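Values below: all heavy atoms of this structure, side chains included; hydrogens, waters and symmetry mates excluded. Nothing here was measured: the structure is a model prediction, and the numbers come from that model.
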Amino acid sequence: MNRKNTGRAALAALPFLLALAADLILFATRRDRLPGQLASHFVGNGRADDYAGRTSYVVITTVLLVGTGALWALMATRGGFHGRSYRRVVAFGYAVAGFLGYLMAVVLLVNVDAAEDAQGRAQDVSFPMWQLAAALGVAALAFGLGLLLAAVVPVPEQPPAGGHPDGSTGRHTDGATAGGERIALAARCRLPVSAMAHSALRCLTSSSIPRTPLRRTAGGPGRPMTADSYRTRVHAAVNG
């Protein structure tokens, strides 16, 4: 991976690493105030219906953010995005990182100081649905930040069509190739064919018909008919 691709990969993975760092710091600073089993899944009314241990929360958060960040770095460097498309891909990565990081932080915070039952599960924990709207707002802000930061590193340029510097696609079918050969052959043959046709036309339309004496006479015995006298007689006959 060259230096440019390294910079692009780092830029794409950065928001996921920052979101992971923020969630882990939040977990570390509030670990003693968390129940043994955190409410980790919520239904439509915001009530918890599933639980996960502290270690499971850390593992799930790490795998989710690191895995998504690696995928986004791969798309930024190997996805073939260029120009505005590349900037949007990076910006969407920042939005996804902001959205996921915020939700994982909220899941942790709603479990802080929660009461525990006999199995150590958090009690009376709910997830306010307005937090989803807040997560979307964070994603929108992160999207704008991603667009700004995407302008820092060189943006991949669109390569010539088909990868050829002259802009040709390089995807000729057999028929197209044969057609090109036929056109080239016709171009090479045009000059001699045109020359022969021109010579024949000159022979047919020449005004200087060879003045070969004709066997037939025009004005009497012993006087040969020439081409000029023949044309004169024809012209007089036509004009009446």
### Task
Kindly determine whether Asp23 and Val58 satisfy side-chain contact (heavy atoms from CB on, under 4.5 Å), including the steps that lead there.
CA-CA 9 Å; Asp23 288 341; Val58 173; over 6 Å; no

### Query
Run the side-chain contact (heavy atoms from CB on, under 4.5 Å) check on Tyr86 and Arg8 step by step: do they pass?
CA-CA 10 Å; Tyr86 167 78; Arg8 292 165 188 161; 3.1 Å; yes

For the residue pair [X] and [Y], establish whether any side-chain heavy-atom pair is separated by less than 4.5 Å.
X      : Y      : result
Leu141 : Tyr94  : no
Trp72  : Val90  : no
Tyr57  : Leu34  : no
Phe27  : Thr61  : no
Leu65  : Leu100 : yes
Pro35  : Asn111 : yes

### Query
Out of Gln119, Arg54, Arg121, which one pairs with Gln37 under the side-chain contact (heavy atoms from CB on, under 4.5 Å) rule?
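Single side-chain contact (heavy atoms from CB on, under 4.5 Å) partner of Gln37 among Gln119, Arg54, Arg121: Arg121.
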
### Query
Taking everything shown except Asp32 itself, do over 12 heavy atoms lie less than 6.0 Å from its CG?
no

### Message
For the CZ atom on Arg47, are there more than 12 heavy atoms of other groups (residues, nucleotides or ligands in this structure) within a distance under 6.0 Å?
### Response
yes

## Note on the structure
In terms of heavy-atom contacts, Gln123 and Asp117 come closest through NE2-OD2, 3.2 Å

### Query
Tell me the side chain to side chain donor-acceptor pair (under 3.5 Å) pairs involving residues 130-153, sequence neighbours left out?
Tyr102-Gln131

### With sequence neighbours excluded, residues passing side-chain contact (heavy atoms from CB on, under 4.5 Å) with Leu103
Phe99, Phe127, Leu132, Ala135

### Task
Would you please test Leu108 and Leu38 for side-chain contact (heavy atoms from CB on, under 4.5 Å) and show each step?
CA-CA 8 Å; Leu108 181 69; Leu38 283 67; 3.9 Å; yes

